[in-house]
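This one's a predicted model, so the numbers in the text were calculated from it and none came from an experiment.
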Amino acid sequence: MHLSLSILADQFLLNFSYLWLIIIATTIGIIIGAMPGFGAANTIILLLPFTLAVPVDVALIFMVSLFVASHMGGGITSILLNIPGNGGAAATCLDGYPMARKGMGQQALVLSFVSSTVGGMVTACLSIFLLPYISRLAYYMHSVEMVVILLFGITLIASVASDNMLKGLIAGFLGLLIGAIGADHIYSTPRATFGFIELYDGVPLIAVLIGVFAISEALTMMESASVLSDKGRELMKQAGWAETWEGVQMAFARTWHMIWTSLVGLVIGIIPGAGASIAAFVAYQQSRLFSKTPEKYGTGIPEGVIAPEAANNGCSSGDLIPLLVIGVPGGTTAAVMLIVLTYHGVQLGPRLFIQNPGMGYGVFITMMIAYAVMLFTTLPLTRYVSRLVLIPTTVLAPIIIAFTLVGAFAPRGYMFDLWLTLGFGVIGYLCRRTGYNVVAVLIGVILGPMLEANVMRALRISGDDPLVFFSSPVGNGLWLALAFSLMIPSIAKWRRNRAALAAS
């Protein structure tokens, strides 16, 4: 994998010559990222005639810019409306929305934009120089290792349910049950499909995401005149450029936090089949675990916004590494890119870096420039975008329902998905009214099927021997890390009690 300064310089010049295209692609990416149901993969598919007609360099710059921008856009509605634009932004709701309700929506948006940019640029830069080494991680990550990594994310259910553990665990269990609907991963036996062929592939994630978050949030909004508290409304009306600068300061005061959570996203992104959702949930869980004030998570603190946003953007680099290095897409969008690049005759895998190293490394140069463009174009807009929450809920709620229902219909084009979304909307509303955490439901729905698939695959390969989960050195190391991370809260509590006892 030959890398030289001349290759990097050529790629910088090439990308700057297409700066106008990067601006267009990132604008589209941010808009579709903020709209539940309109993911980067769907948009690239819709724009296939364009990506197939232009030269491959132009197609790649356009697709990569749109892809990374969609991750940043997903956080906007998570923070302002408690509605994640995609699965990777779901964890941002936990602290972003409480900040917005307190009148700190502008600071939360700035935190999201800055941490997304830093997370994306740090991991893109690392990917350029460490590509030959970090690409090997994918070879060591199989079903056994994935099981442990997914358990890292699922333990977040206990964290978000800390206020009422029983209700939180029930909500998480409900999510796991919903995630189990559909044909099983080994024998294709239908489970709880009730004869609906639309459910054989499982419950569509977009329907659950829009239902339990967007529809239920819109129904809840209608019960009050405003999204904001009275104090938050006054603060938001008085907000100016000072709040933008305050958000920048808050973000860079936590630079190390942005870096290490983005590295979590990079590592998880490298694993084929993982993705931004797992990266964001695991980073949030680890951020809370290592915090000196874990009890503040979920109340609207900067670290709760930084961790998932840095991780899901760090995951963007990781997603593309297996695609470029071994020709295996790390996620849905990467799979669509694979189709486009194959059409153009690009041979992915190790030969790409021998025959055309500029294209391989150029992907990460494009990502860095796209993030820089996004930061400079979005930061001035936070003051105006954050005022979205000042719109009366009587206007906002119907708009949300209308747009999100279109988003629920778009991916598969089934009327069935609309009814399913409304059904999950009612379930989400009842959960909110009765104190059951909808984030715990979503964690179960997203991570449950992945956990089941990897458990079943590992058992199948080993001849149903459960000891297979302790047969891998990397897996055993991850088990130890998981056990250690679960013990950290108890150790921290013991140390605090001991210090308090000594002080008294």
Here the pair of heavy atoms bringing Ser317 nearest to Leu266 is CB-CD1, 3.9 Å
The reported gap from CE in Met222 to CD in Glu217 (rounded to nearest 0.5 angstrom) is 11.5 Å
query: When you look at CG of Asp201, are more than 12 heavy atoms from neighbouring residues, nucleotides or ligands closer to it than 6.0 Å?
result: no
> Between Val118 and Ser262, is a side-chain contact (heavy atoms from CB on, under 4.5 Å) present by the stated rule, with each step listed?
Replying inline: CA-CA 8 Å; Val118 171; Ser262 67; over 6 Å; no
For a 4.5 angstrom cut-off between non-hydrogen side-chain atoms, does Thr51 reach Phe62? yes
For Leu81 and Met221, the nearest pair of non-hydrogen atoms, with its separation, is CD2-CE, 3.9 Å
With Leu478 as partner, the option from Leu151, Val148, Val147, Val144 fulfilling side chain to side chain contact (heavy atoms under 4.5 Å, CB included) is Val148
> Do His71 and Ser116 meet the criterion of a side-chain donor-acceptor pair at a distance under 3.5 Å?
Replying inline: no
| How about Glu303 and Ser287: does a side-chain donor come under 3.5 Å of a side-chain acceptor? | no
OG1 (Thr193) and CZ (Phe196) are apart, to the nearest 0.5 Å, by 9.0 Å
| message | Has Lys296 got a side-chain atom pairing as donor or acceptor with Ile301's backbone, closer than 3.5 angstrom? | response | no
Quiz prompt | Asp417 side-chain N/O to Phe409 backbone N/O, donor-acceptor pair under 3.5 Å | solution = no
From the list Asn313, Thr26, Thr366, side-chain hydrogen bond (donor to acceptor under 3.5 Å, both in side chains) with Tyr371 holds only for Asn313
Residue pair Met450, Ile278: steps toward the side-chain contact (heavy atoms from CB on, under 4.5 Å) verdict: CA-CA 10 Å; Met450 295 185 193; Ile278 299 176; 3.3 Å; yes
Are Leu94 and Tyr297 close enough that some pair of their side-chain heavy atoms sits under 4.5 Å apart?
no
Exercise. Taking the side chain as every heavy atom from C-beta outward, state whether Arg457 and Asn454 have any atom pair closer than 4.5 Å.
Key: yes
For this session: Just do the side-chain contact (heavy atoms from CB on, under 4.5 Å) check on Leu111 and Met99 with the steps written out, would you?
Result: CA-CA 11 Å; Leu111 283 169; Met99 282 188 77; 3.9 Å; yes
query: Can you find a heavy atom in the side chain of Val208 that is under 4.5 Å from one in the side chain of Val212?
result: yes
Margin query: As a quick check of understanding, evaluate side-chain contact (heavy atoms from CB on, under 4.5 Å) for Met337 and Val363, giving each step before the final call.
Written below: CA-CA 12 Å; Met337 288 187 191; Val363 167; over 6 Å; no
Q) Looking at side-chain heavy atoms only, is the closest gap between Leu320 and Phe67 below 4.5 Å? A) yes
**Asked** Can a salt bridge be assigned to the pair Glu223 and Arg433 using a cut-off of 4.0 Å between side-chain N and carboxylate O?
**Response** yes
Interatomic distance, OH@Tyr200 vs CD1@Ile181, rounded to 0.5 Å, equals 13.0 Å
Is the shortest side-chain heavy-atom distance between Leu420 and Leu199 below 4.5 Å?
yes
Does any N or O in the side chain of Ser462 come within less than 3.5 Å of the main-chain N or O of Asp465, such that one atom is a donor and the other an acceptor?
yes
Q.
I'd like to check Thr299 versus Pro98 (side-chain heavy atoms, cut-off strictly below 4.5 Å). Are they in contact?
A. no
In terms of heavy-atom contacts, Met72 and Phe113 come closest through CE-O, 3.6 Å
(request) Please answer whether the main-chain N or O of Ser112 pairs with a side-chain N or O of Ser115 as donor and acceptor at a distance below 3.5 Å. (result) yes
All heavy atoms of Val114 vs all of Ala251, minimum pair found to be CG1-CB, 3.6 Å
Nearest heavy-atom approach of Asp95 to Gly304 is OD2-CA, 3.6 Å
What one should report as the nearest heavy-atom pair of Gly448 and Leu176 is CA-CD2, 3.6 Å
Here the gap from Ile31 atom CD1 to Ser70 atom OG, rounded to the nearest 0.5 Å, amounts to 12.5 Å
Donor-acceptor pair, Arg432 side chain versus Val438 backbone, under 3.5 Å? no
Counting C-beta onward and ignoring hydrogens, is there a side-chain heavy-atom pair between Leu174 and Ile178 closer than 4.5 Å? yes
Distance col, row Phe469:CZ vs Leu467:CG, nearest 0.5 angstrom, shows 10.0 Å
- Item | Main-chain N/O of Arg288 paired with Ser291 side-chain donor or acceptor, under 3.5 Å | no
To the nearest 0.5 Å, atom CD1 of Ile268 lies from atom CG of Leu263 at 11.5 Å
Counting neighbours of CZ on Phe416 that are heavy atoms of other residues, nucleotides or ligands and sit closer than 6.0 Å, is the number greater than 12? yes
